[in-house]
Amino acid sequence: MRHVLGIGEIGLERAEAILALVPRMAEVRSRSVPKVAALRGRTVAMLFLEDSTRTRLSFDAAARALSADTMTFTASTSSMKKGESLRDTVETISALGPNALVVRHRTSGVPWQVAAWTEAAVVNAGDGAHEHPTQALLDAHTIREALATESLSGVRVGIVGDIRHSRVARSNVRLLRMLGASVVLVAPSPLQPPGVEGWGVDASSSLDDVIGGLDVLYLLRVQAERITGGAAPDAGEYARRFGLDHARVRRLRPGAIVMHPGPVNPGVESSVDLSRLPQSVVGRQVANGVPVRMAVLLDALAGAGAGMEEE
Ligand code: NCD
């Protein structure tokens with residue numbers, strides 16, 4: 001039983017071990033009965049206290065594909081509405097005996113706190129503007145698949161947009177650097193994170209300056225719900241300076257790919273339809289969410305030795 005909290009705690013060796021499981025998980029998903037018994041008898045509880053579509057659905061599909069039972073907690077219909085605290089809620093869910101607790105919360109650090117209150121393996125599904133480790137793992141897998149390379153050394157990734165409020169950017173920077181990629185963060189200065197000098201990356205305020213040198217163009221949503229104090233950029237101005245358009249698509253290197261974690265603000269991050277752009281791997285990111293989260297749950301609960309026989 002091992003927690004999956006942040007990329008720093010996971011470390012390179014374990015991240016590689018998780019990524020090495022993904023092809024076996026994808027093979028399971030391609031079977032006519034896409035389900036194995038690996039986690040039969042285990043229960044995965046989902047504690048999503050902030051909105052989610054892709055992450056929650058793919059954790060759910062991943063748990064079921066491994067034959068785990070699932071429990072889903074929804075804040076809007078629970079006793080949290082009656083003032084039950086997070087700690088009471090976690091202790092109540094834990095008393096039902098889940099083996100893993102998948103946690104998303106708008107406040108940074110909550111999964112670490114939850115890990116102190118439960119016997120279950122805690123999996124971070126996104127905490128505030130802090131970390132989103134399973135997104136980074138699925139993005140690393142998607143980049144390797146799309147560029148057809150195991151090694152990311154020499155690969156140049158540009159992450160564009162609201163870096164400051166992005167847990168996806170924080171986890172991706174950590175993992176991509178561990179895997180040998182070089183990263184440039186592209187944003188207007190209010191959306192660059194404080195202390196970016198310590199991140200081991202380059203920073204730029206001009207997409208046009210860097211776009212022609214990228215192997216991966218990673219677009220982020222402007223997360224208006226996390227921006228306080230009037231610092232939100234004007235959408236039109238943002239689109240003009242940082243949005244993907246046809247002229248910028250033409251400046252991409254041959255073989256370069258375009259990514260976005262979703263949800264997309266149409267017309268802001270891109271005026272080009274990312275679902276139709278040949279360079280886009282946005283659909284692969286969503287699809288890879290399931291086998292990558294299967295690998296994460298297996299690593300957390302059973303280890304790589306678990307059998308892949310049919311249920
Ligand atoms: C991201 C998130 O929730 O952090 N989405 C996701 O998990 N796919 C990014 C975002 O909300 O913009």
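Atoms within a ligand are numbered from 1 in the order they appear, just like the ligands themselves.
- For P261, the closest heavy-atom approach to ligand 1 falls below 4.0 Å.
- Side-chain atoms of S67 come within 3.5 Å of backbone N or O of V36 as a donor-acceptor pair.
- The side chain to side chain contact (heavy atoms under 4.5 Å, CB included) test with L244 singles out one residue from V160, L277, L207, and that residue is L277.
- Residue-ligand proximity: E50 is placed with every non-hydrogen atom at 4.0 Å or more from ligand 1.
- Classification of R56 and D60 as a salt-bridged pair fails, no side-chain N sitting under 4.0 Å from a carboxylate O.
- For atom 7 (O) of ligand 1, the nearest non-hydrogen atom of the protein is H132 NE2, 2.8 Å.
- Of the protein's non-hydrogen atoms, the one nearest atom 5 (N) of ligand 1 is G262 O, 2.9 Å.
- Heavy atoms of other residues, nucleotides or ligands lying less than 6.0 angstrom from CG of D51 number 12 at most.
- Using a cutoff of 4.0 Å between basic side-chain nitrogens and carboxylate oxygens, D127 and R170 are not scored as salt-bridged.
- Of all protein heavy atoms, the one lying nearest to atom 11 (O) of ligand 1 is R221 NH2, 3.0 Å.
- Checked by distance only, ligand 1 and R104 come closer than 3.5 Å through their nitrogen or oxygen atoms.
- Near R167, meaning under 4.0 Å from any of its heavy atoms, are these atoms of ligand 1: 2 (C), 3 (O), 4 (O).
- Cation-pi geometry between R293 and F59 is met: the NZ or CZ atom falls under 6.0 Å from the ring centre, inside 45° of the normal.
- Those atoms of ligand 1 with a heavy atom of Q135 less than 4.0 angstrom away are 6 (C), 7 (O), 8 (N).
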